[in-house]
Structure formats: C-alpha cells, structure tokens
Amino acid sequence: MAAESPDAPDLQRARDWLAHAASLAVLTGAGISAESGVPTFRGAGGLWKDHKPEDLATPEAFARDPRLVWEWYNSRRERLAPAQPNAAHRALVKLEIRIARFTLITQNVDGLHDRAGSGKTLKLHGDIWRLRCTVCGANWPDRRVPLPKLPPHCGCGGLARPGVVWFGEPLPEGMMKEAEHAVSDAEVLLAIGTSALVHPAAGLIPHAKHAGAKVIEINTEDTPYSGMVDCALRGPAGEVLPLLV
Ligand code: BV8
Ligand code: ZN
C-alpha cells in the first residue's frame with residue numbers, strides 16, 4: 001500500500017539534489033493535473049460513457065466514428081476549460097526560473113503547464129486545444145467550448161481532428177530526440193504523476209537512469225519503475241512538489 005506522505009529523509013535528499021542540480025528534466029503525466037480536477041487516464045472515473053480512453057484515442061476509432069470521438073474530446077475540453085493549474089504546476093515554474101538548464105516534457109494534452117506560466121514545453125502527445133486538418137494538414141488553436149459543430153471542419157472543407165497523438169501514431173517529429181537529449185544532459189529527472197505505462201514517453205525514465213541522472217518519482221502509487229528510481233516520494237504532487245522547491 002503506498003504511504004500517504006513521504007518521510008523526511010527522502011524529502012531532504014530530493015531537496016538537496018534539486019538545490020544543487022545545474023540541469024533538470026521533468027516528465028509529467030495526468031497525475032499532476034489530478035488536483036486540478038482533471039480525471040487521469042487510468043484512474044477511477046477514467047471511463048467515458050462506458051468507453052475506455054485507449055479505445056477512443058486511436059485513428060481507427062476516429063475513422064470509424066469521428067463524431068463519437070469528437071464528443072469525447074469536446075466533453076474533455078468542456079471539463080478542462082474551468083480547470084486551474086495547481087501548486088505542482090506552479091512549483092515547476094519556480095524550478096524553471098531557478099535552474100538554468102531546465103526542460104519540461106509532458107504527456108498531458110490539457111495545457112495546464114502553459115496556463116501556469118511554464119516556458120517551452122515538449123508536448124509529447126500533442127495539445128487538446130489545437131485542431132489539425134485531415135486533408136490539408138493545417139494546424140490551429142481553437143479554445144471554443146463547446147465547439148459549435150461536431151465534427152469540426154477546416155476552412156478547406158476537410159474534416160478536422162484533435163491535435164493530439166493517438167495510440168499507434170508516431171510522436172511529433174524530432175520531439176523524442178529532443179526529450180532524450182534533455183534527459184541525457186540532466187543531473188536530475190523528476191517523474192511526476194505518470195503511470196509510466198505509455199511508450200516511448202515512459203522510456204525516458206530508464207534513459208535518465210542509464211545516463212547517470214538522479215531520478216525522483218512523485219506519485220500516489222508505485223509504478224513499473226519505482227524499483228529503479230533513486231527516490232520514490234509517495235503523495236499527491238500538489239502537496240509533495242512544493243515541499244521540494
Ligand atoms: C507509438 C493523447 C509507434 C491522446 C495519449 C505494448 C508494449 C509497449 C508499448 C506498446 C504496446 N502496444 C502498443 C504500444 C505503443 C503504445 C503504448 O505505449 N501503449 C501502452 C498503453 C501499452 N504507444 C503508442 O501508441 C505511442 N505511439 O508507439 O507509435 C509508431 C512509430 C512510428 C510510426 C508509427 C507508429 C503513442 C502514445 C500516445 C497516446 N496518446 N494521449 C489523449 O490524451 O486523448 S496517451 C495518454 O496516456 C495520455 O497522454 C496520458 O498522459 C498518457 C500516459 O498516462 P499517464 O499520464 O501516466 O496517466 P495515467 O492515468 O496512466 O496515470 C496517472 C498517474 O498519476 C498514476 O500513476 C497515478 O498513480 C498518478 N496520480 C494520480 N493522482 C496523482 C498522481 N500522482 C501524483 N499526484 C496525484 N494527485
Ligand atoms: Zn484543411
């Protein structure tokens with residue numbers, strides 16, 4: 001059973017590593033947005049009208065029923081619209097100001113790091129607030145909730161899709177290379193609120209370890225990599241991360 005809160009010596013070790021790190025990489029997952037009221041992918045309540053996210057977040061599901069997939073994204077956007085960044089998102093902005101070589105890598109598509117004021121963010125799985133045309137490839141921001149018409153279309157008349165990466169789709173060109181470079185260069189990797197099940201993103205954790213970084217995991221539960229990290233802090237990111245900054 002995961003502890004409710006991390007013990008003091010672990011917190012102190014993590015605090016010291018962060019205080020002396022000249023370069024820091026951060027990998028975040030849905031868990032960092034949980035305290036902003038955003039349901040995680042695999043946690044309780046992860047279902048939507050008895051559909052599993054993994055079944056809807058695929059090109060096949062979109063080809064089969066673009067309207068159903070768009071109803072899911074539209075309802076997620078509606079739920080996200082009032083969501084505010086939490087203390088964990090804000091603590092990362094403080095670290096970015098303090099540590100010269102800082103790279104934020106996220107699997108989240110919710111845009112809460114942007115709203116917290118984080119600078120350049122590697123959005124490995126895209127952005128729910130952007131649309132992409134399936135015909136002409138145009139890619140644009142659209143924050144309207146709800147969208148006036150489902151499924152939305154591009155100015156060229158083509159069917160628009162959410163600007164996210166679905167299962168079975170490659171990550172944005174060159175982004176994993178950039179993330180791996182940042183992780184190899186980092187003295188510390190902070191892995192926050194990710195179940196570390198989705199690849200290639202999750203592979204950044206062993207990648208950091210093999211490159212010699214200290215790896216700190218902040219999660220309410222164990223993950224497949226909990227055994228290899230240097231410090232596993234058990235507790236909600238919104239409470240634990242501010243204790244380190
Ligand atoms: C690709 C965007 C190849 C869409 C998402 C078998 C083995 C290994 C890999 C595979 C396999 N079969 C298939 C694959 C590949 C597949 C994959 O990894 N599948 C998994 C499920 C096995 N990966 C892909 O398909 C990727 N593409 O491989 O392409 C390729 C290459 C070239 C050419 C063609 C193809 C693409 C993956 C991207 C999928 N898109 N999202 C959308 O969001 O709608 S993934 C989705 O899962 C989200 O992005 C989410 O962020 C991500 C990962 O989940 P987490 O963020 O970790 O969230 P989760 O709910 O799982 O966990 C939350 C965690 O937080 C938990 O640990 C919980 O304990 C913790 N927590 C909860 N509350 C808190 C907390 N922690 C702290 N504080 C709290 N308060
Ligand atoms: Zn178009």
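Counting starts at 1 for both ligands and their atoms, in listed order. Remember, it's a predicted structure, so these values are computed and weren't measured experimentally.
- In terms of protein heavy-atom proximity, atom 1 (C) of ligand 1 is closest to E169 O, 3.5 Å.
- Minimum interatomic distance between T106 and N108 (heavy atoms only, all atoms of both residues): OG1-N, 3.0 Å.
- The shortest contact between atom 17 (C) of ligand 1 and any protein heavy atom is with H199 N, 4.0 Å.
- Judged purely by distance below 3.5 Å, without hydrogens or angles, the side chains of T223 and S195 never pair a donor atom with an acceptor atom.
- Within the set E35, E54, K123, the minimum heavy-atom distance to atom 80 (N) of ligand 1 is found for E35.
- Protein heavy atom at the shortest distance from atom 20 (C) of ligand 1 is L197 O, 3.7 Å.
- For atom 43 (O) of ligand 1, the nearest non-hydrogen atom from the set H125, R76, R42 comes from R76.
- Given atom 37 (C) of ligand 1, the protein heavy atom at minimum distance is V198 CG1, 3.7 Å.
- Ranking protein heavy atoms by distance to atom 74 (C) of ligand 1, first place goes to G31 O, 3.5 Å.
- Atom 49 (O) of ligand 1 is approached by the protein to below 4.0 angstrom, counting heavy atoms only.
- Note: no N/O pair closer than 3.5 Å links P236 and ligand 1 by distance alone.
- By the 4.0 Å N-to-carboxylate-O rule, D110 lies too far from R76 to be salt-bridged with it.
- Around atom 53 (C) of ligand 1, the closest heavy atom drawn from E217, Q107, E239 belongs to Q107.
- Distances from atom 70 (C) of ligand 1 to the protein include at least one heavy-atom value under 4.0 Å.
- Of the candidates G193, A196, G29, it is G193 that places a heavy atom closest to atom 63 (C) of ligand 1.
- With hydrogens left out, the protein atom closest to atom 67 (O) of ligand 1 is N219 ND2, 2.9 Å, a heavy atom.
- With ligand atoms numbered from 1 in the order given, ligand 1 contributes 36 (C), 39 (C) to contacts under 4.0 Å with heavy atoms of W166.
- Side-chain heavy atoms closer than 4.5 Å link hydrophobic residues (I, L, V, M, F, W, Y) into clusters, and following such links, possibly through other members, connects V145 to L112.
- D185 is not listed as a side-chain neighbour of T103, based on a closest heavy-atom distance of 4.5 Å or more.
- Backbone or side-chain N, O or S atoms of H153 do not reach the Zn ion (ligand 2) at under 2.8 Å.
- Between the side chains of R234 and S226, at least one donor-acceptor pair of N or O atoms lies under 3.5 Å.
- Atom 78 (N) of ligand 1 has A237 N, 2.9 Å as its closest protein atom, hydrogens excluded (heavy atom only).
- Using a 4.0 Å cut-off to heavy atoms of V165, the atoms of ligand 1 that qualify are 2 (C), 4 (C), 5 (C), 38 (C), 39 (C), 40 (N), 41 (N).
- Nearest to atom 34 (C) of ligand 1 among the protein's heavy atoms is P170 CD, 3.7 Å.
- Side chain of R161 to main chain of V164: a donor-acceptor pair is present (N/O by atom type, distance under 3.5 Å, no hydrogens or angles).
- Distance check on atom 13 (C) of ligand 1: every protein heavy atom falls at or beyond the 4.0 Å cut-off.
- Using modelled atom types and a 3.5 Å distance limit, the side chains of S184 and H207 yield a donor-acceptor pair.
- Aromatic ring orientation, F62 versus W166: tilted (interplanar angle from 30° to 60°).
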